[in-house]
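Everything below concerns the one structure shown next.
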Amino acid sequence: MSALERLAATVEARRGADPESSWTAKLLAKGPEKCAEKFGEEAVEAIIEAVKGDRAKLTAEAADVLYHLLVMLAARDVTLAEVLMELERREGTSGIAEKAARG
């Protein structure tokens with residue numbers, strides 16, 4: 001199991017935890033919209049570090065983005081496995097062709 005899969009399992013396990021004892025539970029308790037907002041904030045922070053060119057800070061922000069993506073997905077009952085299956089479905093298809101197929 002990869003670190004990302006372990007993190008997804010931890011996010012799922014914290015779904016029913018006490019929001020006072022778990023940041024993940026606190027985010028999930030605030031609902032999908034707040035989870036999406038937090039994901040967006042983290043994505044912007046990663047973009048800023050990418051533009052600045054600070055590899056260490058970008059790495060840290062990218063980890064935050066992945067965590068908050070998993071929380072946002074969990075808030076809408078979308079699993080990492082479903083996302084990975086979608087990536088596998090797209091594998092080997094040109095990005096240009098894949099976008100064209102979506103219309």
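Hydrophobic clustering (side-chain heavy atoms under 4.5 Å, transitive across Ile, Leu, Val, Met, Phe, Trp, Tyr) groups V78 together with V65. Residues L69 and V44 do not share a hydrophobic cluster, defined by chaining ILVMFWY side chains whose heavy atoms lie under 4.5 Å apart. There is no path of hydrophobic side-chain contacts, each under 4.5 Å, that joins L58 to I47. When the side chains of ILVMFWY residues are joined at heavy-atom separations under 4.5 Å, either directly or via intervening members, V83 and M85 end up in two distinct hydrophobic clusters.
Side chains of L66 and L4 form a contact here, defined as non-hydrogen atoms less than 4.5 Å apart. Inter-residue side-chain proximity for R14 and L27 is flagged as unmet; no heavy-atom pair is nearer than 4.5 Å. The side-chain heavy atoms of V71 and K38, taken from C-beta on, include no pair separated by under 4.5 Å. Between L87 and E91 the shortest side-chain heavy-atom distance does not fall below 4.5 Å.
The distance from atom CD of E37 to atom NE2 of H68, rounded to the nearest 0.5 Å, is 11.0 Å. Within the model, atoms CE of M1 and CG of L7 stand 11.5 Å from one another, a figure rounded to the nearest 0.5 Å. Here the CD atom belonging to E49 is positioned 13.0 Å from the CZ atom belonging to R55, to the nearest 0.5 angstrom. Note that CD of E88 is 10.5 Å distant from CD of E86, once rounded to the nearest 0.5 Å. Separation of atoms CD (E41) and CG (D64) is listed at 11.5 Å; rounding is to 0.5 Å.
In terms of heavy-atom proximity, E61 sits nearest to A46 at CB-CA, 3.7 Å. In terms of heavy atoms, A74 sits closest to E12 at CB-OE1, 4.5 Å. Taking each heavy atom of L70 and A8 in turn, the nearest pair found is CD1-N, 3.8 Å. Scanning both residues, P19 and A29, for their nearest heavy atoms gives CG-CB, 4.1 Å. Smallest separation of non-hydrogen atoms from L84 and E5: CD1-OE2, 4.4 Å. When all heavy atoms are compared, the tightest approach of A25 to A17 is CB-O, 3.4 Å.
At least one donor-acceptor pair closer than 3.5 Å links the side chain of T10 to the backbone N or O of R6.
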